[in-house]
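Here the structure is laid out as structure tokens; the discussion comes afterwards.
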Amino acid sequence: QVQLVESGGGLVQAGGSLRLSCSVSGRTSLMSYVGWFRQAPGKEREFVATISWNSGRTYYTISVKGRFTISRDNAKNTVYLQMNSLKPEDTAVYYCAASRRIGIPRDSSDMDYWGKGPLVTVSS
């Protein structure tokens with residue numbers, strides 16, 4: 001089993017920055033990817049970014065590319081999502097999730113473990 005605990009959500013003005021952290025514990029050897037998903041009110045959960053736990057290779061959804069950066073610190077078993085140039089449409093609950101699968105996970109159904117998700121609110 002893998003446990004994921006996020007921190008770092010909150011309220012920020014448009015154009016501002018926030019950094020989310022995801023602390024990973026348990027059988028991290030099971031993980032191939034750790035990613036971030038988000039769910040805005042009344043919308044489906046969507047893929048934001050993911051990082052290979054071993055290689056560090058990263059993948060982003062097009063709407064956040066150039067603004068968000070996913071990174072990992074394997075020594076601390078922590079994954080980060082640095083969010084810059086935030087927009088009101090980035091407002092959502094942000095979930096950290098881990099996948100055991102070999103392929104690049106881009107859908108909620110690809111993920112095996114989930115955190116509870118902090119709320120990020122971007123005011124205009």
Side-chain angles (χ1 to χ4, degrees):
Q1 284 288 70
V2 174
Q3 293 80 43
L4 306 164
V5 178
E6 306 100 327
S7 61
L11 173 65
V12 65
Q13 286 191 328
S17 299
L18 275 178
R19 189 177 79 158
L20 303 181
S21 300
C22 175
S23 178
V24 184
S25 61
R27 297 183 64 187
T28 58
S29 60
L30 295 175
M31 302 188 314
S32 54
Y33 288 89
V34 178
W36 291 91
F37 288 72
R38 66 185 180 185
Q39 188 165 17
K43 294 189 176 181
E44 293 188 355
R45 194 170 298 187
E46 66 171 356
F47 167 77
V48 176
T50 193
I51 186 167
S52 168
W53 190 248
N54 292 319
S55 72
R57 192 165 180 180
T58 59
Y59 305 88
Y60 298 90
T61 191
I62 205 163
S63 63
V64 307
K65 213 166 186 179
R67 299 189 298 124
F68 290 12
T69 303
I70 189 171
S71 62
R72 80 199 194 300
D73 184 335
N74 286 38
K76 295 182 179 180
N77 278 357
T78 301
V79 173
Y80 304 97
L81 184 69
Q82 177 66 43
M83 304 184 292
N84 298 329
S85 302
L86 282 161
K87 305 175 182 178
E89 51 263 44
D90 294 318
T91 295
V93 175
Y94 282 72
Y95 297 92
C96 179
S99 172
R100 298 177 301 187
R101 291 159 173 77
I102 295 174
I104 303 166
R106 296 184 188 273
D107 189 83
S108 298
S109 61
D110 296 330
M111 312 310 284
D112 300 293
Y113 307 100
W114 291 88
K116 293 188 177 180
L119 175 63
V120 172
T121 304
V122 184
S123 62
S124 56

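Below, each value reflects all heavy atoms present in this structure, side chains not excepted, and no hydrogens, waters or symmetry copies.
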Under the 3.5 angstrom rule, does the side chain of D73 hit a backbone N or O of K76 as a donor-acceptor pair? yes

Checking the side chain of Q82 only, and the main-chain atoms of T69 only, is there a donor and an acceptor separated by less than 3.5 Å? no

Just by modelled atom types, is the K116 backbone N or O under 3.5 Å from a matching donor or acceptor in the E6 side chain? yes

Quick one: which of I51, N77, N54 gives a side chain to side chain contact (heavy atoms under 4.5 Å, CB included) with R72? I51

Locate the shortest heavy-atom distance separating T78 from S21; write the atom from each residue and the value. CG2-CB, 4.3 Å

Where the side chain of S99 meets the backbone of D110, is there a donor-acceptor pair that is under 3.5 Å apart? yes

Would you compute the distance between atom OG1 of T58 and atom CZ of F68 and round it to the nearest 0.5 angstrom? 14.0 Å

Can you see which heavy atom on A40 is nearest to which on A92, and at what distance? N-CB, 3.8 Å

Just by distance, do the side chain of R57 and the backbone of W53 share a donor-acceptor pair under 3.5 Å? no

List the atom of T91, the atom of V122, and the distance in Å for their closest heavy-atom pair. OG1-N, 2.9 Å

Roughly how far, to the nearest 0.5 Å, is the CG atom of L81 from the SG atom of C96? 9.5 Å

In this structure, are over 12 heavy atoms from other groups packed under 6.0 Å from R27 atom CZ? no

Side chain to side chain contact (heavy atoms under 4.5 Å, CB included) with S108: which residues, sequence neighbours excluded? F37, R45, W114

Salt bridge check: are R38 and E46 linked by an N-O gap of less than 4.0 Å? yes

Closest non-hydrogen atom pair, V120 against M83: CG2-CE, 3.9 Å

Shortest non-hydrogen contact from L30 toward R100: O-CG, 3.3 Å

Exercise: identify the closest heavy-atom pair between V79 and V34: CG2-CG1, 3.7 Å

